[in-house]
There are 2 protein chains.
Amino acid sequence: MFSIGELSKRTKVKVPTIRYYEQMGLLAEAERTSGNQRRYDKTGLERLSFIRHARDLGFSIEAISSLIELQEHPDRSCEAATDIAVSQLADVREKIKRLKLLEKELSRISKGCDGQGVSEDCYVLASLADHELCSREH
Amino acid sequence: MFSIGELSKRTKVKVPTIRYYEQMGLLAEAERTSGNQRRYDKTGLERLSFIRHARDLGFSIEAISSLIELQEHPDRSCEAATDIAVSQLADVREKIKRLKLLEKELSRISKGCDGQGVSEDCYVLASLADHELCSREH
DNA sequence: CTTGAACCTCTAGTCACTAGAGATTGTAGA
DNA sequence: TCTACAATCTCTAGTGACTAGAGGTTCAAG
Ligand SMILES: [Zn+2]
Ligand SMILES: [Zn+2]
Ligand SMILES: [Zn+2]
Ligand SMILES: [Zn+2]
């Protein structure tokens, strides 16, 4: 049995974040000492590691909730889990796509001015004022 | 002179968002009718288009504030504008990098299970529980 | 037994909006 | 000119995933 601070150290999840996860129902309410402090065991550690990993992979709290519920019922079909993962992957790909378009434009914009001139003639400012200067939609 | 709804239509920025920008100091306070409704002219339209475009490119409200201030002073050095653009580009590149790592892992995870089994044997859930299954840091 | 780090709860702030309530105004058709 | 109703107004609160701070209590080492 260890404290929230110890759990924090082991999982690299900040203490207030752990309490937040508990409040959101991701973590079961921890046991308490007689003085009302939280105490965790291996189960709590594994659960939080799962959450941490899923968050690192960009899953939302809501998605993680569903995944955990599934994990709690080993006999259920895992279809929902795959669905969530596939949808998360699609999300990530969509974001990459969008960001690549931005990168293209921002790269052009950045290169267009060395910062030595005055605001009036600045290509950065001109580019922001006029989307027509962009090479594509973004 | 046109209404906020008309401005919204022309710039594709939602009405409450326009009011929000005004509150944040990005848009000058608009003129008002005797009945207190906002009225805009070409200047307001151009300003909002600038904001919209910068937002589309991912600049923060704070960054846009600085850019607008620079734009208001045509004689000032534009160095800050270039700095902001370069830093935004770096941000975007960083995000792309991160997302590509996620994509790699998520793609592996998604492929690992067809959703036909049970939760207990699910590769998606196993992968989330164990970062060791990941091929890299992410 | 004392000290002080770690813990507790609760509220509020972050960012860039978005939604809704409840009241007022603008404008087009009768 | 009147009426209907869409559009506008202000204000407050909610979103997601935390983070910061106040003010108080508990744990554990020396
Ligand atoms: Zn410049
Ligand atoms: Zn553009
Ligand atoms: Zn599965
Ligand atoms: Zn991993």
Side-chain angles (χ1 to χ4, degrees), chain A residues 1-27 29-40 44 47-48 50-68 84 87-88 91-92 95 98-99 102, chain B residues 1-27 29-40 44 47-48 50-68 84 87-88 91-92 95 98-99 102:
Chain A
M1 300 293 272
F2 40 88
S3 70
I4 196 169
E6 184 62 29
L7 183 63
S8 169
K9 241 178 242 163
R10 295 203 204 178
T11 56
K12 263 135 210 167
V13 176
K14 287 180 191 156
V15 169
T17 305
I18 297 174
R19 290 197 277 248
Y20 170 74
Y21 287 158
E22 182 184 305
Q23 219 187 329
M24 293 301 100
L26 285 192
L27 279 172
E29 290 193 18
E31 283 179 57
R32 303 285 183 130
T33 64
S34 58
N36 201 34
Q37 297 196 357
R38 291 169 181 82
R39 286 297 176 270
Y40 298 90
R47 167 68 60 88
L48 185 54
F50 183 97
I51 297 170
R52 163 95 219 255
H53 195 213
R55 285 293 302 129
D56 281 351
L57 287 165
F59 290 89
S60 71
I61 297 284
E62 201 192 343
I64 296 173
S65 254
S66 305
L67 291 167
I68 285 176
I84 289 171
S87 136
Q88 174 63 16
D91 259 33
V92 166
K95 277 186 185 146
R98 243 212 104 223
L99 286 172
L102 295 197
Chain B
M1 300 295 272
F2 40 88
S3 72
I4 196 168
E6 183 63 27
L7 182 64
S8 169
K9 239 178 244 162
R10 295 203 204 178
T11 56
K12 264 134 210 166
V13 175
K14 287 177 191 158
V15 169
T17 306
I18 297 173
R19 290 198 276 249
Y20 169 75
Y21 287 159
E22 182 184 304
Q23 220 188 326
M24 293 300 101
L26 285 191
L27 279 172
E29 291 192 18
E31 284 179 57
R32 303 284 183 130
T33 64
S34 58
N36 201 34
Q37 297 195 357
R38 291 170 180 82
R39 286 298 176 268
Y40 298 90
R47 166 69 59 91
L48 185 54
F50 182 97
I51 296 169
R52 164 94 219 255
H53 195 214
R55 284 295 301 130
D56 282 350
L57 287 164
F59 290 90
S60 71
I61 297 282
E62 201 193 342
I64 297 173
S65 253
S66 305
L67 291 166
I68 284 176
I84 289 170
S87 135
Q88 174 63 15
D91 260 32
V92 166
K95 277 184 186 147
R98 242 211 106 222
L99 287 172
L102 296 197

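The figures here come from the full heavy-atom set of this structure, side chains too, leaving out hydrogens, waters and symmetry mates. So that the names make sense, note that chain A is the first sequence line, chain B the second, and so on, each numbered from 1.
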Heavy-atom nearest pair, A/Arg47 first then A/Leu26, reads NH1-O, 3.0 Å

Rounded to the nearest angstrom, tell me the gap between atom [atom1] in [X] and atom [atom2] in [N].
X       : N      : atom1 : atom2 : value
B/Glu29 : D/dT10 : CD    : P     : 10 Å
A/Glu6  : D/dA28 : CD    : P     : 12 Å
B/Arg19 : D/dT8  : CZ    : P     : 8 Å
A/Phe2  : C/dA6  : CZ    : C1'   : 16 Å
B/Asp56 : C/dA16 : CG    : P     : 14 Å
B/Leu27 : C/dC17 : CG    : C1'   : 14 Å
B/Ile51 : C/dA16 : CD1   : C1'   : 13 Å

Name the nucleic acid region contacted by [X], choosing base, sugar-phosphate or nothing; use a 4.0 angstrom heavy-atom cut-off, strictly under.
X       : answer
B/Arg55 : sugar-phosphate
B/Tyr21 : sugar-phosphate
A/Arg38 : sugar-phosphate

Quick check: do B/Arg55 and B/Ile61 have side-chain heavy atoms less than 4.5 Å from each other? yes

Distances for protein N/O vs nucleotides 18-21 of chain C N/O pairs under 3.5 angstrom?
residue	atom	partner	partner atom	Å
C/dT18	OP2	B/Thr17	OG1	3.1

Around atom CD of B/Glu62, are there more than 12 heavy atoms from other residues, nucleotides or ligands closer than 6.0 Å? no

N/O donor-acceptor pairs under 3.5 Å from side chains in residues 11-25 of chain A, not counting sequence neighbours:
residue	atom	partner	partner atom	Å
A/Thr11	OG1	A/Leu7	O	2.8
A/Thr11	OG1	A/Val13	N	3.3
A/Glu22	OE1	A/Arg38	NE	2.9

CZ (B/Phe50) and CD1 (B/Ile64) are apart, to the nearest 0.5 Å, by 7.5 Å

Between C/dC7, D/dT8, D/dA17, which nucleotide has the shortest distance from any of its atoms to the side chain of A/Val15? C/dC7

If you compare every side-chain N and O of A/Arg32 against the phosphate oxygens of C/dT9 (OP1, OP2), does one of them come in below 4.0 Å? yes

Could you run down the sub-3.5 Å N/O contacts of the protein with nucleotides 25-28 of chain C?
residue	atom	partner	partner atom	Å
C/dG26	OP1	B/Thr33	OG1	2.8
C/dG26	OP1	B/Gly35	N	3.3

